[in-house]
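Before any comments, here is the structure.
Residues: numbered from 1 along the sequence shown.
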Amino acid sequence: MSDSHPRAGRTGRPRSPAADAAILEATRASLVDLGWSKLTMGDVAARAGVAKTTLYRRWAGKNELVVDAVAVLFDELELPDRGSLAADVQGVVLQFAALLERPETRTALMAVVAESTRDDSLRLRIRDSIVERQKRLVLEGRRRAQRRGELPVETDASAAARTADLIFDVIAGAVVHRMLVSAEPVDAEWAGRFTLLLLSGLAGPGPGENPRAPADTRPGPGERLSAPQNPGGSV
């Protein structure tokens, strides 16, 4: 798990990972209980059992603090090798969905995204601290699929970067929209159909070739999730 972003030029005693974790947990709890508008640095400090000055030595204000509190949750996502590109995609989709089911993740993410529509600096911090950090999953999964021969290797670095951005946007956007906007479940059956569409495209297999994912809808690190049929498309 990545550390929170320290403020530049900070001096004094080394930061305590335990204190940082307590502060970020208190921030998420405050968001669930109070919402964005009522959350204060003082409330977070009281919940975490630290002085308010301790918060300000680490974070310049509420925006930075809340984004970091969300970011560390997304750092929990992993991409174990499940044997195929299709299984890898299904696995990360289900992990992401499980993360969004947690009240602290759902509330914190929706709060910072809503506030970012009025705050450009907050939007940039979300991009840098959450979006850019989680693109590691796309890059890792694509390299693995290329080694297996499931995806072609892109020799143009700028084109490869644009492809990675698009893959991330499609996967993250679809899961967030289904769960947080449409309020529909992301289960193994949906993850299997989504993966088939992603890998095969709109001109892929026709009706009757819609595979169902296995009943275990929440694979953990190292657990194997079987791939849907006919996964050999390209992204």
Report yes if the side chains of [X] and [Y] come closer than 4.5 Å at any heavy-atom pair, otherwise no.
{"X": "W59", "Y": "V66", "result": "no"}
{"X": "L100", "Y": "R106", "result": "no"}
{"X": "L73", "Y": "E104", "result": "yes"}
{"X": "E150", "Y": "R144", "result": "no"}
{"X": "R193", "Y": "L196", "result": "no"}
{"X": "D187", "Y": "L94", "result": "no"}
{"X": "S116", "Y": "R127", "result": "no"}
{"X": "V170", "Y": "F194", "result": "yes"}

Derivation and outcome, side chain to side chain contact (heavy atoms under 4.5 Å, CB included), residues D119 and R123: CA-CA 6 Å; D119 187 332; R123 186 182 303 116; over 6 Å; no

Looking at [Y] and [X], is any side-chain nitrogen of the basic one under 4.0 Å from a carboxylate oxygen of the acidic one?
{"X": "R28", "Y": "E25", "value": "no"}
{"X": "E115", "Y": "K62", "value": "no"}
{"X": "D33", "Y": "K38", "value": "no"}
{"X": "D43", "Y": "R47", "value": "yes"}
{"X": "R162", "Y": "D165", "value": "no"}

Point-to-point distance, once rounded to the nearest 0.5 Å, from [atom1] of [X] to [atom2] of [Y]:
{"X": "T40", "Y": "K52", "atom1": "OG1", "atom2": "NZ", "result": "7.0 Å"}
{"X": "L151", "Y": "L199", "atom1": "CG", "atom2": "CG", "result": "8.0 Å"}
{"X": "D68", "Y": "E64", "atom1": "CG", "atom2": "CD", "result": "7.5 Å"}
{"X": "L122", "Y": "S129", "atom1": "CG", "atom2": "OG", "result": "9.5 Å"}
{"X": "R148", "Y": "L85", "atom1": "CZ", "atom2": "CG", "result": "7.0 Å"}
{"X": "L137", "Y": "D88", "atom1": "CG", "atom2": "CG", "result": "10.5 Å"}

State, to 0.1 Å, how close [X] and [Y] come at their nearest heavy-atom pair, and which atoms those are.
{"X": "M110", "Y": "L180", "result": "CG-CD1, 3.9 Å"}
{"X": "S158", "Y": "D156", "result": "OG-OD1, 2.6 Å"}
{"X": "A164", "Y": "V138", "result": "O-CG1, 3.8 Å"}
{"X": "V44", "Y": "L55", "result": "CG1-CD2, 3.7 Å"}
{"X": "A22", "Y": "A48", "result": "O-CB, 3.8 Å"}

For the hydrophobic clusters of this structure (ILVMFWY residues joined by side-chain heavy atoms under 4.5 Å, transitively), does one cluster hold both [X] and [Y]?
{"X": "V176", "Y": "F74", "answer": "yes"}
{"X": "L34", "Y": "L24", "answer": "no"}
{"X": "L124", "Y": "V70", "answer": "no"}
{"X": "L198", "Y": "M179", "answer": "yes"}
{"X": "L79", "Y": "L99", "answer": "yes"}

Is there a donor-acceptor pair closer than 3.5 Å between any side-chain N or O of [X] and the backbone N or O of [Y]?
{"X": "R178", "Y": "A174", "answer": "no"}
{"X": "Q90", "Y": "T195", "answer": "no"}
{"X": "R142", "Y": "A160", "answer": "yes"}

Verdict with reasoning, R147 to D81, per salt bridge (charged side-chain N to carboxylate O under 4.0 Å, His left out): CA-CA 12 Å; R147 289 195 297 268; D81 189 342; over 6 Å; no

Contacts of T54 that satisfy side-chain hydrogen bond (donor to acceptor under 3.5 Å, both in side chains) - sequence neighbours left out: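 In terms of side-chain hydrogen bond (donor to acceptor under 3.5 Å, both in side chains), with neighbours along the sequence ignored, T54 is linked to R57.
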
Side chain to side chain contact (heavy atoms under 4.5 Å, CB included) evaluation trace for R125 with D128: CA-CA 5 Å; R125 189 169 180 85; D128 293 341; 5.8 Å; no

Residue pair R136 / Q134, side-chain donor-acceptor N/O under 3.5 Å: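 Result is yes, a qualifying pair exists.
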
Verdict with supporting geometry, N63 and V67, side chain to side chain contact (heavy atoms under 4.5 Å, CB included): CA-CA 6 Å; N63 286 4; V67 171; 5.6 Å; no

Intermediate values then yes/no, side chain to side chain contact (heavy atoms under 4.5 Å, CB included), T105 and E76: CA-CA 12 Å; T105 310; E76 296 176 10; over 6 Å; no

